[in-house]
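To keep things clear, I will list the structure first and then write my remarks on it.
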Amino acid sequence: MRAGDELPQLTVPITRTLIVAGALASRDYQDVHHDAELAKAKGSPDIFMNILTTNGLVGRYITDHFGPTAVLRKVAIRLGAPNYPGDTMVLSGTVTSVGGGTAQVRVVGANGLGHHVTGTVTVQVGAGR
C-alpha cells in the first residue's frame, strides 16, 4: 500500500429499510429519517439518510478493504447531497499518505444528486497482529 493507491468502489443501494434501520440503530428518531409524509411536510422530497448511518458505511468501506485487524483512528466526514430511497451511493477512496502503521484515505460517496459524503479516514493497518 502506498499513496495514490485507489480502493475498489463499493456500491450501496439506498433503500428505505437502510435509511430507517440506520436511524433507529443510531437512536436518531428525527422524523425526516423514517416518516415520508412528515419529511415532505418539512420540505424534503422523501426521508433521507442520517450522518451516523453514513459514518457507519464509510467505516465499513475502509475496514472491508484493510481487513479485520484494521482500526479506525479518525473519521472526518462532511455531508453534501442527501441519500434518498431508490438511489445508489458509490463509495470510492484514494490512499493519500502512509506511515507509522497508519494510512490516510480520502473518501467520496456519490449518488445521483452529487457527492453525499466527502472526507478523510485514518486507519491503523495490521493492528492486533
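Here, residue 1 is the first one in the sequence, and each next residue gets the next number.
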Pairs under 3.5 angstrom only: tabulate donor-acceptor contacts from the side chains of residues 2-9 to other protein residues two or more places apart or in another chain.
from	atom 1	to	atom 2	distance (Å)
Asp5	OD2	Arg2	N	2.9
Glu6	OE1	Thr94	OG1	3.2
Glu6	OE2	Thr94	OG1	3.2

Below 3.5 Å, can you tabulate the donor-acceptor pairs from side chains in residues 96-107 to any protein atom, sequence neighbours excluded?
from	atom 1	to	atom 2	distance (Å)
Thr96	OG1	Gln104	O	3.2
Thr102	OG1	Gly99	O	3.0
Arg106	NH1	Gly119	O	3.4

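Not counting sequence neighbours, the partners of Leu72 by the side chain to side chain contact (heavy atoms under 4.5 Å, CB included) test are Ile62, Thr63, Val75, Val121, Val123. Not counting sequence neighbours, the partners of Arg16 by the side-chain hydrogen bond (donor to acceptor under 3.5 Å, both in side chains) test are Asp46. Legend: residues meeting side chain to side chain contact (heavy atoms under 4.5 Å, CB included) with Ala76, ordered by chain and number and at least two apart, are Lys74, Thr120. Judged as a side-chain hydrogen bond (donor to acceptor under 3.5 Å, both in side chains), and not counting sequence neighbours, the contacts of Ser26 are Asn50. By the side chain to side chain contact (heavy atoms under 4.5 Å, CB included) test, Thr11 pairs with Thr88, Val90, sequence neighbours left out. Scanning for side-chain hydrogen bond (donor to acceptor under 3.5 Å, both in side chains) contacts around Asp31 gives Lys42, with sequence neighbours left out.
Counting only residues at least two apart or on different chains, the salt bridge (Lys or Arg N to Asp or Glu O under 4.0 Å) pairs with a member in residues 48-70 are Arg60-Asp64. Annotation: side chain to side chain donor-acceptor pair (under 3.5 Å) contacts involving residues 108-118, sequence neighbours excluded, comprise Thr54-His116, Asn83-Asn111, Asn83-His116.
The cluster map of Ile, Leu, Val, Met, Phe, Trp and Tyr, joined by side-chain heavy atoms under 4.5 Å apart, puts Ile14 and Val108 in different clusters. Cluster membership check: Ile51 shares its hydrophobic cluster with Ile19, using side-chain heavy-atom separations under 4.5 Å among Ile, Leu, Val, Met, Phe, Trp and Tyr. With hydrophobic clusters built from ILVMFWY side chains whose heavy atoms lie under 4.5 angstrom apart, Tyr29 shares a cluster with Leu52.
For the atom pair Met49 CE and Leu18 CG, the distance stands at 4.0 Å (nearest 0.5 Å). Atom CD1 of Ile47 sits about 13.5 Å away from atom CD of Gln30, to the nearest 0.5 Å.
Closest heavy-atom contact between Leu57 and Leu91: O-CD1, 3.8 Å.
Between Asp28 and Thr53 there is no side-chain heavy-atom pair separated by less than 4.5 Å.
Side-chain atoms of Tyr61 come within 3.5 Å of backbone atoms of Gly93 as a donor-acceptor pair (strictly under, hydrogens ignored).
Applying the 4.5 Å side-chain rule to ILVMFWY residues, one finds Val32, Phe48, Leu113 in the same cluster as Tyr84.
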